[in-house]
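Computation of the quantities below employed the complete heavy-atom set of this structure, encompassing side-chain atoms and omitting hydrogens, waters and symmetry-equivalent molecules. Please read these numbers as outputs of a predicted model, since none were measured by experiment.
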Amino acid sequence: MKICMNRFLFICLISCRITIEIDAYGAGEMSLSLLRKVTSVIPDPHSPEAFAILLAGMKTGAADIIAQKLASNNNQKKKEISTTNGEKGIISSSSSFQFDKKRFLTFVLYGGMYLGWFQHFLFTKIYTRLFPLAAVFAKQTLKEKIRNWSGAFAVIQQVSFEAFLHWPWLYIPMYYIIQQLVTIMSS
């Protein structure tokens with residue numbers, strides 16, 4: 001288990017380095033050497049777990065870059081000026097884009113570790129054992145679903161578990177735990 005966790009953390013850190021190479025506008029290229037490093041770490045290139053970790057980590061990292069860029073555009077200061085004819089106008093002073101590396105790393109690790117690795121395990125292993133009738137119900141036609149009350153009840157149980165246990169007790173707190181770990185490790 002310790003070897004898997006170390007390998008997982010290394011994959012997350014490599015995916016952070018890949019996404020950091022993207023410039024402020026979201027354009028840029030991933031260097032071939034980093035791509036080789038990432039693919040050499042993954043034990044099985046067809047592994048759904050490794051794919052989930054890398055995809056979720058890079059997706060949340062890219063989403064954070066976009067969010068930071070949009071937030072910096074919205075926070076530009078606007079000043080009201082008077083023109084020579086007495087009319088009033090508004091100019092905006094352009095502020096440079098400040099990239100928050102701690103926030104970015106938090107989102108990449110949260111995406112890879114929690115959204116990629118843990119939720120893949122949760123939805124494919126645990127939920128299929130806790131709610132086996134929900135998977136059967138999902139594969140049925142609408143006509144069969146109308147008659148399958150036990151399958152519908154299993155789906156209601158799964159949604160309730162997700163809404164009242166998973167989200168408030170794991171999903172949201174895990175973000176803040178990872179955020180604190182990044183803060184502690186970077187100071």
Could you give all pairs that pass the side-chain hydrogen bond (donor to acceptor under 3.5 Å, both in side chains) test and reach residues 50-64, with sequence neighbours left out? Asp64-Gln68, Asp64-Arg103
The criterion is side-chain contact (heavy atoms from CB on, under 4.5 Å); which residues satisfy it with Ser187, sequence neighbours excluded? none
Shortest non-hydrogen pair, Val136 vs Gln140, comes out as O-CG, 3.2 Å
Yes or no on side-chain contact (heavy atoms from CB on, under 4.5 Å) for Phe107 and Ile178, after CA distance, side-chain angles and deciding distance? CA-CA 9 Å; Phe107 275 102; Ile178 292 173; over 6 Å; no
Whether over 12 other heavy atoms sit under 6.0 Å from Phe153 CZ: no
Test of understanding: with side-chain contact (heavy atoms from CB on, under 4.5 Å), list the residues that count as partners of Leu55, not counting sequence neighbours. Phe51
With sequence neighbours excluded, what pairs up with Leu165 under the side-chain contact (heavy atoms from CB on, under 4.5 Å) test? Phe161, Trp169
Just grab all the salt bridge (charged side-chain N to carboxylate O under 4.0 Å, His left out) pairs involving residues 168-187, residues at least two apart or on different chains. none
Cluster membership besides Phe137, Ile/Leu/Val/Met/Phe/Trp/Tyr side chains within less than 4.5 angstrom, sorted by chain and number, is Val155, Val159
Taking side-chain hydrogen bond (donor to acceptor under 3.5 Å, both in side chains) as the test, write out the residues that go with Gln119, two or more places apart. none
Counting C-beta onward and ignoring hydrogens, is there a side-chain heavy-atom pair between Gln179 and Tyr175 closer than 4.5 Å? yes
Hydrophobic side-chain clustering at under 4.5 Å (ILVMFWY, transitive links): who's grouped with Leu70? Put none if nobody. Ile66
Taking side-chain hydrogen bond (donor to acceptor under 3.5 Å, both in side chains) as the cut-off, I'd like each qualifying pair that reaches into residues 155-168, sequence neighbours left out, listed once. Tyr114-His166, Tyr127-Glu162, Glu162-His166, Glu162-Trp167
If every non-hydrogen atom of Ile53 is compared with every non-hydrogen atom of Trp117, which pair is closest and at what distance? CG1-CB, 3.7 Å
Can you check whether Leu170 reaches Phe118 side chain to side chain, under 4.5 Å on heavy atoms? yes
Nearest heavy-atom contact between Ala56 and Gly111 is CB-O, 3.1 Å
Residue pairs fulfilling salt bridge (charged side-chain N to carboxylate O under 4.0 Å, His left out) with at least one residue in residues 134-149, sequence neighbours excluded: none
Which residues pass the side-chain hydrogen bond (donor to acceptor under 3.5 Å, both in side chains) test with Asp100, not counting sequence neighbours? none
Test side-chain contact (heavy atoms from CB on, under 4.5 Å) applied to Tyr171 and Tyr110, step by step: CA-CA 10 Å; Tyr171 186 87; Tyr110 179 70; 3.4 Å; yes
Any side-chain heavy-atom pair from Gln98 and Ser72 closer than 4.5 angstrom? no
Testing the basics here: between Glu49 and Ser47, what is the closest heavy-atom pair and its distance to 0.1 Å? OE1-OG, 3.0 Å
